[in-house]
Amino acid sequence: VSATAATQVRELVAAVFGVPVEAVTAQTVRDDVDGWDSVGQLNLMLAVEDAFDVRLSIEDMQQLVSVEAIVRFVAS
Amino acid sequence: MPMPMPTPPDVLPAALAARSRAELRDALGAPRAVLGPAAAPRLNARLRELGEPATPLRVAVLRSWATELLRPWLELEARLLGFEPELHEAPYGLLRVDAGDAAQLGAEPPGLVLICARPEDLSPALAPPWSLLGAEEIERRVRDGVAGLQGILAGVRAVTAAPVLVTLLPRLAAPELGTYESMAAEPAAALQTALARAVAAHLREHEDGALFVDLRLWLGEVGRRHAVDARLWHSSRVPFSAEGSQHLARHLLAAAAPLLAPPAKCLVVDADDTLWGGILGEEGIDGIALGPEHPGSCYVELQQRLLDVRRRGILLALASKNEPEDVLAVLRDHPHQLLREDAFAAIEVGWGAKAEALRRIADTLNIATDALVFLDDSAHECHAVRSALPEVEVVRTPSDALLVPACLDDVARLQVARLTDEDRRRPELYAQEAARRTRAQEATSPDDYLRSLEIVMTVRADDAGALGRLAQLCQKTNQFNLTTRRHREEDLRRFMDAPDAFTLSFSLADVLGDSGLVGLAVVTGIDAGEAEVDTLLMSCRVIGRRAETAFLRALLDAAARRGVRHLRASYEPTARNGLVAGFWPRHGFAETAPGRYERDLLDGPAIEAPPITVVDAGREEVAR
């Protein structure tokens, strides 16, 4: 499950910020990606909700700022 | 923990496990969680099982829309409030209770009466359309509506003194006038608000224990729940959800679209599987889907939406591959067909290519093909039209009938940015024009035809009261336009106020109807007997009645009265105005340079007067 989720999250981050999937790894964090600013965070969180059919709390939306954190969240 | 939408999964189990009504209510959360459709019966069962003391409440529902889906939720909400409900739904459509038949409200007298009516059930005067009615008409209809409600309440009061809730079904479709509804002098909301206020006032003053609940406000509340995202607002000052943002952006651009490019002038619709469901040639007039039952009801609703588009001043035309007499039979005789023959400015039924039909429609209406929007269910026809006429916006009718009524809601080219009296009357005017063409074909000579029309032209100088329409003519007139200068209202006002310039405009009427304000001339630079025709234009709607010649004669008179002897003019060619290339020489203007002309107002060659009565609204009748 988590291998698929990890791939899906990486693809999502790549799609939202318009970067190649190869540029997004399991270790990628917010500061690594151009455009992953506060508006980018908002867009990414809405995309996560849509892709994984989940609803995030306001705290989640502020704290899920790395691929690893998002993967952990959606896998839980 | 991720929380699946729309409700946390533990809400229902927690509520079902509750050991008291208060605990159950608490488990449902505040604000109340949105529950799935299966939740109400289970929660009702749980509340009955708890068996706490409850006040019996008989609710009688008078309705002209189907309220069945409300029933379990009404019961649930009543139980949460501490009542033990017993619902009695009166027969569908029964709003006027017979005083002698109390059982219509239930075997036992009710403790609450809920009225779920459509506005048109109060009075037929409240049937749509609701926009563009005018203050007096609104007042009349509202009065009729309140009188109707009084009758319904009198029936209820003859049976019971119980509290009454009055509701009216809000409009379910998108606004009649599209995005222009916000700008309309009399939007549908003017009638709806007047009705809501009058109903509320009537209940306050004359009906003890009756309350009006405006479902428009509730509908807005439901919309807010979808469009607003509190998380985004409180974290980032973004008010609208992802869904809301998507809709708002589309709505704003659709509203701006008619300011950025001209809206469509004509919507051409296919017949089979667009105006009705099914193939007329195969299923026959009695076999097509068109009527009160699904899927026919979806096509009736699309026809209503087409009438809404027509109310925006956009013409309707029909292009169908069928036997002409078959289609005409439906237009004339089908009991549920809303769009009769006279709803269409042009009808093309035959077996030729649709692109050719569209070209002929544009020709007939004197508009360019890029002013057409085409609606057809066939992928093949849509593709063929797109290839032959790429300038035509093609919309595909959905194959799912349920999607059909709203299929034009997002077409930006069907939104308008203004709606003058002329715009509103345009579809009717084009129908008159079609009648004129028939007459012209029957007349023995062109002049006989014109005389038979008994045309009256009314000219007005510096008509500041019509600035909006005059500016619109400048923006929109392409074919009969000598210089194509796109003057705006403020430009025209300057010409009217300037001592060395004037405007002259005309409206045209004949036995077949009033064509409205359709022509404009601007003369500038009046100085020492010289002047220049800055603008001369005429709506394509009145081409062919020699109005241009009568108008030019009036213009020359008006210039001469202002001391002009030598009038200069020009023809500035565009892609669209080849029609008037010879206009000046034909009227005795001498060419002084390529595209430049001049006429001596005292000694120029005579211009024969066409058979039109010209009235100068600012003076007396000046010529015949």
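Throughout, a chain's letter reflects where its sequence line sits, starting with A, and its residues are numbered from 1. None of these values were measured; they are calculated from a predicted model.
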Report task. Mark yes or no for whether Arg46(B), through its side chain, and Pro41(B), through its backbone, hold a donor-acceptor pair below 3.5 Å. Result -> no

Report task. Using atom types as modelled and distance alone, determine if a side-chain donor or acceptor of Asp32(A) lies under 3.5 Å from a backbone N or O of Val29(A). Result -> yes

Requested in this report: Check step by step if salt bridge (Lys or Arg N to Asp or Glu O under 4.0 Å) holds for Arg305(B) and Glu301(B).
Outcome: CA-CA 6 Å; Arg305(B) 305 313 322 274; Glu301(B) 204 172 310; over 6 Å; no

Query raised in the report: For chain A, which residues from residues 218-235 of chain B have at least one heavy atom closer than 4.5 Å to it?
Result: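 Those residues of residues 218-235 of chain B which have a heavy atom under 4.5 Å from chain A are Asp229(B), Arg231(B), Leu232(B), His234(B), Ser235(B).
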
Query raised in the report: Any residues in residues 14-30 of chain B near chain A, with a heavy-atom distance under 4.5 Å, and which are they?
Result: none

Working to the nearest 0.5 angstrom, can you tell me the gap between [X] [atom1] and [Y] [atom2]?
X         : Y         : atom1 : atom2 : value
Leu74(B)  : Arg79(B)  : CG    : CZ    : 11.0 Å
Asp409(B) : Thr179(B) : CG    : OG1   : 11.0 Å
Phe52(A)  : Gln8(A)   : CZ    : CD    : 4.0 Å

Requested in this report: Quick one: do Glu393(B) and Arg386(B) satisfy salt bridge (Lys or Arg N to Asp or Glu O under 4.0 Å)? Show the steps, please.
Outcome: CA-CA 8 Å; Glu393(B) 175 159 347; Arg386(B) 262 192 212 108; over 6 Å; no

Query - Candidate pair Asp377(B) and Arg396(B), rule salt bridge (Lys or Arg N to Asp or Glu O under 4.0 Å), full reasoning - result: CA-CA 5 Å; Asp377(B) 67 294; Arg396(B) 177 110 174 262; over 6 Å; no

Query - Any Trp36(A) side-chain heavy atom under 4.5 Å of Val16(A) side chain - result: no

